[in-house]
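Take a look at the structure below.
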Number of protein chains: 2
Amino acid sequence: MTALPQTQTSRIINTLRRQIAGGSLAPGHKLPAERELAVLFDTTRITVKDALSMLEAEGLIYREERRGWFVSRPRLIYNPVSRSHFHQLVHSQQRTAETQVLACESVVASGELVADMGLAPLSRLIRICRARRIDGRTVLYVEHFLRPELFPDIEQQDLSRSLTDLYRQQYGLEYGRSRFDICPTAARGEAARVLNLAQGSPVLAVSRINYDQYDRVIDCDREIWRHDAVRIRVESRHTH
Amino acid sequence: MTALPQTQTSRIINTLRRQIAGGSLAPGHKLPAERELAVLFDTTRITVKDALSMLEAEGLIYREERRGWFVSRPRLIYNPVSRSHFHQLVHSQQRTAETQVLACESVVASGELVADMGLAPLSRLIRICRARRIDGRTVLYVEHFLRPELFPDIEQQDLSRSLTDLYRQQYGLEYGRSRFDICPTAARGEAARVLNLAQGSPVLAVSRINYDQYDRVIDCDREIWRHDAVRIRVESRHTH
């Protein structure tokens, strides 16, 4: 391979990437303002913006409204198969977790949920909507759709805690099998607003249909993750 | 919920989304030119472009250089745990598959590969790079990094076929356990070019480290999928 002449943009990208990888730009570190970076790299602000957008798309840095650019913290490693609770998972990776309940309401199931959960058409579901933060940053918007006949009076419970625990302790239900769909898509509507993203920004949608120990569908979770906040890890044995 | 007045953009998005979902705009269908859509929706070309970009970000439509906008075909459903070969998987979903070999060469392992595969520093690996098409469209760029001592003379084999089959038939090696990392990121360099994407476009990176039946690391695959081409599905039993 011959070395190609670097463009201005790739020179900035490579310098910042190396300093992030090497740890001299540590997670959470604020980058200099765009105009200072333009002076530092002896280039235009447009070129600096291009380079920063590229690093943002890779998930290495992120922007906060009116505050500037920051080095991303490591992605949460999330194994949807042998998963633990969100708070437990986040703590085990030496991070802090918070959950905020945005809504708990009765809704008519969408056509998609009717199909995915095998419900009668025009069924009602309980919709619980939550925002989850890691180290103070909202990284996950999640809607849970529960079969109301299995969870009487759940709206009176503390819904900021683990639903897995609540299901087991209050309703005697444990997760059996689950089906996960992982799909890169775009942020829309309330999910985009809660995650502080522009409409259309890339996100990772993880949809999960859960069965109980009697193999009944109990709920469906629709998670929308910031694209730079998560890495999904699955260990498997091959079936021959 | 009260109905909010729709913006021009969301009116276009909703109309196209409904016609795509309802099948009147079928997969592979070419959309009218942007200026015709602007006349049809009685709006500006800028607004039309905004709406189309949003649908592209969701993966419902895609653009081909100089040819215009098309309705996306369904995403390939891909289960990395009990996966079958690429061609077999694609055929089972009534699609056509092609594989093109882009490179087969000996390389020095990167620091990242040394760590992930547990190699001695400055090890060499065989790098096989391939482009994979579904229904004539390149959707997957994949690099395989193989331990050379396990695969003598592999460069003389037909590398457009299934490597799984080749490993078993020529080298007596079968996959044992694997570890998958699934990470939304941005397209860069050769992967972006091969996938016909602008640098920085969202892609899904799937990295897999494979062990053989004797639990030795045999290779590492780095897949880069177009964000609109794939949906990952995993079925699991919960471990209590």
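Order of the sequence lines sets the chain letters (A, B, ...), proteins ahead of strands, with each chain counted from 1. For the numbers below, each heavy atom of this structure counts, side chains included, while hydrogens, waters and symmetry mates do not.
- Residue with the most contacts toward chain A among Gly59(B), Ser201(B), Ala186(B): Ala186(B) (heavy-atom pairs, distance under 4.5 Å).
- In this structure, chain A has no heavy atom under 4.5 Å from any part of Ala205(B).
- Other residues, nucleotides and ligands contribute more than 12 heavy atoms inside 6.0 Å of the CG atom of Leu102(B).
- Applying a 4.5 Å heavy-atom cutoff, the residues of residues 188-199 of chain A that approach chain B are Arg188(A), Gln199(A).
- Partner of Ile182(A) under the side chain to side chain contact (heavy atoms under 4.5 Å, CB included) criterion, out of Val230(B), Ile182(B), Val206(B): Ile182(B) alone.
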Can Cys183(A) and Arg75(B) be said to form a side-chain contact (heavy atoms from CB on, under 4.5 Å), step by step?
CA-CA 9 Å; Cys183(A) 188; Arg75(B) 292 169 185 261; 3.3 Å; yes
side-chain contact (heavy atoms from CB on, under 4.5 Å) for Ile232(B) and Asp181(A)? Distances and angles first, verdict last.
CA-CA 6 Å; Ile232(B) 288 177; Asp181(A) 269 17; over 6 Å; no
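- In this structure, the side chain to side chain donor-acceptor pair (under 3.5 Å) partners of Ser106(A), at least two apart in sequence or on a different chain, are Arg124(A).
- For the pair Leu204(B) and Leu204(A), the minimum side-chain heavy-atom distance is below 4.5 Å.
- Note: Glu235(A) CD to Tyr211(B) OH = 7.5 Å, rounded to the nearest 0.5 Å.
- For Ile77(B), the CD1 atom is densely surrounded, since the number of other residues' heavy atoms within 6.0 Å is greater than 12.
- Ranking Glu56(A), His227(A), Glu58(A) against chain B, the residue ahead of the rest is Glu58(A), based on heavy-atom pairs under 4.5 Å.
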